[in-house]
Number of protein chains: 2
Amino acid sequence: MERKEHFSRKRLAILEALKGTTCHPTADWVYGQLKPQYPDLSLGTVYRNLKRFCESGQAMSVGVIAGYERFDGNPAPHAHLVCRQCGAVVDVCGLPISMEELGKLSAMTGCQVESASITLKGLCAACVKDGKTA
Amino acid sequence: MERKEHFSRKRLAILEALKGTTCHPTADWVYGQLKPQYPDLSLGTVYRNLKRFCESGQAMSVGVIAGYERFDGNPAPHAHLVCRQCGAVVDVCGLPISMEELGKLSAMTGCQVESASITLKGLCAACVKDGKTA
DNA sequence: TCAAAAATAAGAATGATTGCTACTTTACAA
DNA sequence: TTGTAAAGTAGCAATCATTCTTATTTTTGA
């Protein structure tokens with residue numbers, strides 16, 4: 001018998017804040033977003049729930065960027081670009097890696113590849129427009 | 001007039017320790033390797049030089065894995081697999097991403113992609129052999 | 001409404017990384 | 001070699017994102 005998953009109001013609010021943005025926020029950003037509406041929200045709660053969402057597959061971690069872990073409410077595999085100018089993390093579609101290729105890699109190397117993440121570095125579209133191409 | 005790069009004995013030893021392993025070590029690992037031979041070596045020196053090598057292109061960071069930054073003495077682009085069982089970081093050749101594709105991505109998205117890093121998750125060959133496939 | 005289980009707040013603790021200052025080492029010229 | 005200015009380092013102290021702890025509150029299911 002499957003135990004029903006609990007969803008407190010705050011947990012739900014954290015998940016919605018995460019799903020409702022494409023900025024790949026830090027825990028602290030989510031905390032700042034929700035604090036006005038939930039004045040007694042604790043940063044620890046945000047951390048705990050973000051971790052939980054990643055473990056359950058409802059979200060994923062983009063990794064630690066400039067000292068902060070960045071989260072993504074979209075768990076579907078896709079690439080990210082980290083802008084070296086402004087620090088933004090933006091989604092990049094057209095993921096040029098397939099599960100087939102991962103299977104081939106597994107066979108070739110003796111490893112068992114289960115997922116792949118692609119992180120690009122460069123300039124985001126906004127910074128390119130601003131002429132910060134150099 | 002180009003200023004000649006200084007290479008103290010300790011800096012050189014740190015670079016050689018990094019180049020001489022494929023384990024993608026942490027700063028602390030390098031420190032532990034060199035401490036017997038250089039008893040007055042400071043962990044801060046290891047950190048500072050590893051950072052310097054990354055900035056100068058002599059090495060690269062694999063990113064923060066399980067709370068520790070991992071470094072790679074091979075700055076040529078290649079993928080890494082992080083074993084979810086034993087935590088090992090292993091090189092994966094046959095990098096399925098080309099600079100051409102990066103150029104296309106740049107054109108499509110308006111970003112300026114300058115480099116790409118691929119990180120795989122799964123089991124390393126050793127853990128697969130140990131039957132920890134599940 | 002009630003009791004057990006789960007979740008949270010608040011703040012302390014952790015620990016990798018970086019900063020700081022006085023001391024060494026190095027490079028280079030005379 | 002020897003002097004000296006610049007670069008590098010040791011040894012801690014400080015930082016600060018993240019995790020842990022405990023008492024309290026909320027939620028769930030009956």
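Protein chains get the first letters and strands the later ones, always in sequence-line order, with residue 1 at the start of each.
Atoms CD1 (B/Ile65) and P (C/dT17) sit 12 Å apart, rounded to a whole Å. Summarising the geometry, the separation between CG on A/Leu50 and P on D/dT18 is reported as 10 Å, rounded to the nearest angstrom. Distance B/Arg52 CZ to D/dT9 P: 8 Å, rounded to the nearest Å. Atom CZ in B/Phe71 sits roughly 13 Å away from atom P in C/dA16 (whole-Å rounding). Counting to the nearest Å, the P atom of D/dC16 and the CD atom of B/Glu69 are 18 Å from each other. Atom CG in A/Leu12 sits roughly 12 Å away from atom P in D/dT27 (whole-Å rounding).
Of the residues in residues 28-49 of chain A, those placing a heavy atom less than 4.0 Å from an atom of DNA chain C are A/Asp40, A/Leu41, A/Ser42, A/Thr45, A/Arg48, A/Asn49, in numerical order.
Listed here is the closest heavy atom pair of A/Cys93 and B/Leu105: O-CD2, 3.7 Å. Closest approach of A/Val46 and A/Ile14 over heavy atoms only: CA-CD1, 3.8 Å.
Counting non-hydrogen atoms of neighbouring residues, nucleotides and ligands closer than 6.0 angstrom, the NZ atom of A/Lys19 exceeds 12 such neighbours. Crowding of A/Lys35 atom NZ: a count of heavy atoms from other residues, nucleotides or ligands under 6.0 Å exceeding 12.
By the 30° and 60° cut-offs, the orientation of the rings of B/His24 relative to B/His80 is perpendicular.
The side chain of A/Lys10 places no N or O atom within less than 4.0 Å of a non-bridging phosphate oxygen (OP1 or OP2) of D/dT27.
Between C/dA7, D/dT19, C/dT26, one nucleotide has an atom nearer to the side chain of A/Lys51 than all others, and that is D/dT19.
Along DNA chain C, the nucleotide nearest B/Tyr68 and the nucleotide nearest B/Arg9 are compared for position; the residue whose nucleotide lies closer to the 5' end is B/Tyr68.
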- Start with the C-alpha distance between B/Val30 and B/Phe71, add both sets of side-chain angles, then the distance that settles side-chain contact (heavy atoms from CB on, under 4.5 Å), and finish with yes or no. CA-CA 10 Å; B/Val30 173; B/Phe71 296 90; over 6 Å; no

